[in-house]
Trainee: 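There's a structure below that I have some questions on.
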Amino acid sequence: AQSVTQPDIHITVSEGASLELRCNYSYGATPYLFWYVQSPGQGLQLLLKYFSGDTLVQGIKGFEAEFKRSQSSFNLRKPSVHWSDAAEYFCAVGGYNKLIFGAGTRLAVHP
Amino acid sequence: KAGVTQTPRYLIKTRGQQVTLSCSPISGHRSVSWYQQTPGQGLQFLFEYFSETQRNKGNFPGRFSGRQFSNSRSEMNVSTLELGDSALYLCASRRVEGSYEQYFGPGTRLTVT
C-alpha cells in the first residue's frame with residue numbers, strides 16, 4: 001500500500017538552529033516526492049520536489065531534501081531556521097495524478 | 001501569473017444541505033485535483049479532472065462529486081451535508097504536459113452545523 005510517514009508530529013527549534021524533518025514512504029513504483037508547507041489558514045506551498053537524478057534537491061526558502069532509496073526516506077533540512085519558518089510541513093508521494101500526504105509535522109521556532 | 005483561486009473562502013451550512021465550491025486553476029493548467037483536509041484524517045485525495053473528465057477518484061462516498069468546464073475551472077459538490085464534512089477543501093492545479101507538481105489554492109473552509 002502507498003503511504004507516507006512523518007514520525008514527528010511536533011518539533012520545536014531555536015531560531016538559527018538547524019532543522020531536519022523526517023519522511024518515510026512506501027510506494028510500489030519510482031516515487032515522485034514533494035515537500036509542502038502550510039501556514040495557518042492557508043493553502044499548501046510547494047517547497048521542493050524530487051523526480052529523478054541528483055538525490056539532493058534544493059528548494060525555496062533555503063530548504064533542501066535528500067532522497068535515499070535504500071531507506072525509503074526523503075528528509076527535509078534547513079541549516080538555519082528563521083522565525084517565519086514556523087508552520088506545518090507535509091511530505092507527499094505521488095504518481096501521475098494523485099498525491100498521498102503524510103500527517104504533517106508542526107514546527108515551532110523559539111526566538 | 002495568478003495562482004489557484006478558490007471561492008468562497010469560508011462557508012457555513014446546515015446538515016442536509018448541499019454545497020458547491022469553485023476552483024480556478026493557474027492559467028494554462030489543465031488538471032484540477034481536490035483534497036479534503038481535516039484534523040483527524042489529514043489530507044485526503046477526492047478526485048482529479050482533466051479535459052472535463054474525471055480521471056481518478058479517492059475513497060469518498062457518492063455525495064462528493066465534481067466537474068470541470070472547458071476553461072479548466074472546476075467545481076465540487078457535496079450533497080446531504082454531514083457534520084463530518086466540515087473541513088478545509090483544497091484545490092490544486094497541474095500543467096500536465098511533463099509536469100507532476102501540483103499547486104494549491106488557499107482552500108475553502110466549510111463548516112457544517
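Letters A, B, ... are given to chains in the order of the sequence lines, protein chains preceding strands, and every chain is numbered from 1. All of these numbers come straight from a predicted model, not from anything done at the bench.
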Trainee: For L44(A), which atoms come within 4.5 Å of any heavy atom of chain B: side chain, backbone, both, or neither?
Mentor: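 Answer is both: backbone and side chain atoms of L44(A) are under 4.5 Å from chain B.
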Trainee: Side-chain heavy atoms under 4.5 angstrom apart, residues restricted to Ile, Leu, Val, Met, Phe, Trp, Tyr: same cluster for W35(A) and V13(A)?
Mentor: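 Yes: a chain of side-chain contacts under 4.5 Å links W35(A) to V13(A).
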Trainee: Closest heavy-atom contact between Y100(B) and F34(A)?
Mentor: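 Heavy atoms of Y100(B) and F34(A) come nearest at O-CZ, 3.7 Å.
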Trainee: Should L21(B) and I26(B) be counted in the same cluster of Ile, Leu, Val, Met, Phe, Trp and Tyr side chains packed under 4.5 Å apart?
Mentor: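 No.
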Trainee: Between Q37(B) and chain A, which part of the residue has a heavy atom less than 4.5 Å away: side chain, backbone, both or neither?
Mentor: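 Just the side chain, heavy atoms under 4.5 Å.
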Trainee: Consider only side-chain heavy atoms of I, L, V, M, F, W and Y, link residues closer than 4.5 Å, and tell whether M76(B) and V4(B) are in one cluster.
Mentor: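 As far as the 4.5 Å side-chain criterion goes, V4(B) and M76(B) are not connected within one cluster.
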Trainee: Do other residues, nucleotides or ligands put more than 12 heavy atoms under 6.0 Å from N71(B) CG?
Mentor: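 More than 12 within 6.0 Å, yes.
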Trainee: Are there more than 12 heavy atoms of other residues, nucleotides or ligands under 6.0 Å from atom CD1 of I12(B)?
Mentor: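 No, not enclosed.
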Trainee: If you count heavy-atom pairs under 4.5 Å between each of Y35(B), Y103(B), F47(B) and chain A, which one has the most?
Mentor: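 Heavy-atom pairs under 4.5 Å are most numerous for Y35(B).
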Trainee: Kindly work out whether a path of hydrophobic side-chain contacts (I/L/V/M/F/W/Y, heavy atoms less than 4.5 Å apart) joins F104(B) to Y32(A).
Mentor: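 Yes, same cluster.
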Trainee: Just wondering, are more than 12 heavy atoms of other shown residues or ligands nearer than 6.0 Å to CD1 in I9(A)?
Mentor: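 Atom CD1 in I9(A) is not crowded, with 12 or fewer foreign heavy atoms closer than 6.0 Å.
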Trainee: Locate the shortest heavy-atom distance separating L99(A) from F45(B); write the atom from each residue and the value.
Mentor: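 In terms of heavy atoms, the two residues are closest at O-CB, 4.2 Å.
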Trainee: Please check if atom CZ in R15(B) has more than 12 non-hydrogen atoms from other residues, nucleotides or ligands closer than 6.0 Å.
Mentor: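 Counting neighbours around CZ of R15(B), 12 or fewer heavy atoms of other residues, nucleotides or ligands fall under 6.0 Å, so no.
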Trainee: Looking at L88(B) and Q42(A), what are the two nearest heavy atoms and their distance?
Mentor: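 Looking at all heavy atoms of both residues, the closest pair is CD2-O, 4.2 Å.
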Trainee: Quick check on Q38(A) against chain B: is it the side chain, the backbone, both or neither that has a heavy atom closer than 4.5 Å?
Mentor: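 The answer is the side chain of Q38(A).
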Trainee: If you group Ile, Leu, Val, Met, Phe, Trp and Tyr by side-chain heavy-atom gaps below 4.5 Å, do L110(B) and Y10(B) land in one group?
Mentor: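 No, L110(B) and Y10(B) fall in different hydrophobic clusters.
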Trainee: So what's closer than 4.5 Å to chain A heavy atoms on L43(B): side chain, backbone, both or neither?
Mentor: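 Both parts, backbone and side chain.
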Trainee: Does any backbone or side-chain atom of S31(B) lie under 4.5 Å from a heavy atom of chain A? Answer side chain, backbone, both or neither.
Mentor: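 Contact with chain A: none, neither part.
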Trainee: Between Y36(A) and Q102(B), which heavy-atom pair has the shortest distance, and what is it?
Mentor: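 Of all heavy-atom pairs spanning Y36(A) and Q102(B), the closest is OH-O, 2.6 Å.
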Trainee: I'd like to check the side-chain hydrogen bond (donor to acceptor under 3.5 Å, both in side chains) partners of S79(B); sequence neighbours left out, ordered by chain and number.
Mentor: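 If we apply the side-chain hydrogen bond (donor to acceptor under 3.5 Å, both in side chains) test to S79(B), skipping adjacent residues, there are no hits.
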Trainee: Please classify the contact between R9(B) and chain A as side chain, backbone, both or neither, with a heavy-atom cut-off of under 4.5 Å.
Mentor: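 Interface part for R9(B): side chain.
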Trainee: Applying a heavy-atom distance below 4.5 Å, give me the residues of residues 100-111 of chain A that approach chain B, sorted by number.
Mentor: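 Answer by number: F101(A).
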